[in-house]
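Remember, it's a predicted structure, so these values are computed and weren't measured experimentally. Every chain is numbered from 1, with letters handed out A, B, ... down the list of sequences.
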Protein chains: 2
Amino acid sequence: MRPSKVTLYEVGPRDGLQAEAHMVTVEDKIALIDLLTRSGLTYIEAASFVSAKWVPQMADAAAVMAGIWRAPRTTYPVLTPNLQGYEAARDARAEVVAIFGAASETFSQRNINCSIDESLERFGMVTQSARAQGIRVRGYVSTVIACPYEGPIDPEKVAEVAVKMLDLGCYEISLGDTIGVGTPSDVERLLDVVTARVPREKLAVHFHDTYGQALANILTSLDYSIATIDASVGGLGGCPYAPGASGNVATEDVLYMLNGLGIDTGVNIDEVVRAAWFISDVLGRPPRSKVANAMGKPNVPTR
Amino acid sequence: MRPSKVTLYEVGPRDGLQAEAHMVTVEDKIALIDLLTRSGLTYIEAASFVSAKWVPQMADAAAVMAGIWRAPRTTYPVLTPNLQGYEAARDARAEVVAIFGAASETFSQRNINCSIDESLERFGMVTQSARAQGIRVRGYVSTVIACPYEGPIDPEKVAEVAVKMLDLGCYEISLGDTIGVGTPSDVERLLDVVTARVPREKLAVHFHDTYGQALANILTSLDYSIATIDASVGGLGGCPYAPGASGNVATEDVLYMLNGLGIDTGVNIDEVVRAAWFISDVLGRPPRSKVANAMGKPNVPTR
């Protein structure tokens with residue numbers, strides 16, 4: 001049964017921007033996050049505490065976290081790949097940190113340079129410290145449908161990694177179709193297996209719109225009672241495995257569907273579209289979402 | 001239950017191109033249709049026999065129909081707004097003609113300059129002649145979810161017009177969300193009512209992707225056993241009511257989902273993507289589909 005309420009988990013300022021080549025200033029990142037806060041979003045992943053050498057776009061994570069308006073109803077998670085990142089996130093007063101694992105051995109090796117088991121060990125150090133300090137940890141499992149190197153991924157493997165991350169202390173697991181190749185049948189196969197081992201209320205879904213399937217996949221996930229959906233304002237982000245292709249599904253496209261379905265999110269679509277046009281102006285291109293283009297650029301200046 | 005086989009009804013060369021400002025030559029139209037034929041599509045709406053004054057892009061309909069390769073497995077319907085158009089279509093050896101009505105009184109007035117009842121009378125003259133000459137007639141009902149002037153449209157009104165068109169002798173009714181505003185809930189409400197009065201095997205759905213909802217709406221329609229889906233190669237077309245927005249859902253995006261769902265169409269996606277890049281090159285812009293952009297431009301020259 002479809003949920004009556006859904007939490008939109010905004011990943012644009014982190015997952016989206018880190019895939020954009022154009023360097024965005026601290027001021028514009030803060031302005032973007034503040035616009036998103038104004039829309040009513042309750043989760044906005046704000047930055048990544050990762051080596052600036054690997055992800056230059058995220059070098060100013062501490063300055064972003066120090067500058068944003070923190071609304072009481074909204075949480076601003078940050079990505080922390082290791083203990084060092086975790087400590088910087090804690091010092092930046094993050095209330096939630098996120099760790100990023102994979103269901104594909106090869107993807108884990110190539111993306112975070114260690115095996116799945118080694119990554120889980122590393123995450124264990126983060127979750128242990130976080131739990132001791134009252135910080136919640138979100139777990140991402142990437143390549144849940146297919147891996148750019150290995151091809152299709154066995155849903156059992158996804159469930160296994162998800163359960164291990166929950167056992168480490170994650171409060172939620174976000175299942176990511178990293179390369180956006182899945183269709184509703186793949187999502188059904190995945191969720192049949194994963195929901196048998198992980199409570200639905202601990203699951204989120206994270207779809208990329210590379211092949212245009214994201215909303216159909218989200219609709220399918222809603223039918224599995226999944227009630228947390230990751231999305232990226234203006235469709236920020238891309239797909240490193242398909243240059244020129246779309247990346248994350250756009251928050252406003254998801255929200256338009258949820259509104260139509262009568263599912264409550266507490267998020268104002270006009271404000272999300274305003275944020276989409278703001279950051280797209282910064283990046284010097286139109287938003288990569290159908291809704292922002294159909295609704296058009298707001299008359300009120302966005303910058 | 002989802003159908004095991006689906007007919008993709010290609011509307012790009014007609015519904016798509018007529019919304020494009022760039023004038024396409026007869027040769028390029030023929031080349032596009034021949035590429036689509038090669039993909040295995042069994043229905044390709046090839047032209048519109050309408051006044052060249054109103055739709056200059058379709059002034060060469062007879063030349064297009066005379067020049068295309070007609071594969072035995074494929075039918076090439078053409079749009080005929082009135083008896084004069086029908087006669088020209090018959091002379092061009094069309095095996096199927098299509099008539100275009102609306103479920104909204106105001107849209108009918110503004111789009112075809114007569115009331116719904118008057119349009120049905122006019123269509124009756126077409127269907128009568130067509131039946132006498134062994135030509136099948138397809139009926140479009142537009143604005144089935146909402147009208148740009150009237151707002152939401154009552155599904156009962158849609159059912160009423162659909163039944164009348166069937167009674168006139170149409171072999172199939174295509175339900176069109178002309179402005180692309182519907183979400184899966186709207187589609188459920190619509191199909192609950194319409195399938196109670198029209199056999200499912202006589203229904204097709206025609207979605208625009210203006211707000212990104214088309215694939216989710218198609219997935220919903222499949223769950224209602226609808227087995228004919230209109231789509232437009234490369235997402236050809238636009239939305240006159242939302243400048244800059246997307247129009248028809250892209251054939252290759254629909255096909256990617258159907259392939260993933262294990263639904264047989266007999267259509268080769270690589271060939272559709274080739275056709276998408278071909279016509280997009282002609283129009284001087286990238287394809288408006290996720291799949292064509294994700295798969296990239298074929299190495300083999302398309303022109």
So CD1 of I263(B) and OG of S185(A): to nearest 0.5 Å the spacing works out to 7.5 Å

So CG of L215(A) and CG of N217(B): to nearest 0.5 Å the spacing works out to 9.5 Å

Assert top hit (heavy-atom pairs under 4.5 Å, partner chain B, pool D253(A), N259(A), L261(A), V291(A)) equals L261(A)

From the list M295(A), R2(A), E188(A), Q213(A), the residue making the most non-hydrogen contacts under 4.5 Å with chain B is Q213(A)

What part of [X] lies closer than 4.5 angstrom to a heavy atom of chain A: side chain, backbone, both or neither?
| X | value |
| --- | --- |
| L219(B) | side chain |
| E252(B) | neither |
| T183(B) | side chain |
| V181(B) | both |
| D209(B) | both |

Review point. Hey, are the side chains of K290(B) and T210(A) touching, using non-hydrogen atoms and a 4.5 Å cut-off?
Key: no

* Asked: Can you check whether Y211(A) reaches M257(B) side chain to side chain, under 4.5 Å on heavy atoms?
  -> no

Of the listed A214(B), G182(B), P184(B), S246(B), the one with the largest count of heavy-atom pairs under 4.5 Å with chain A is P184(B)

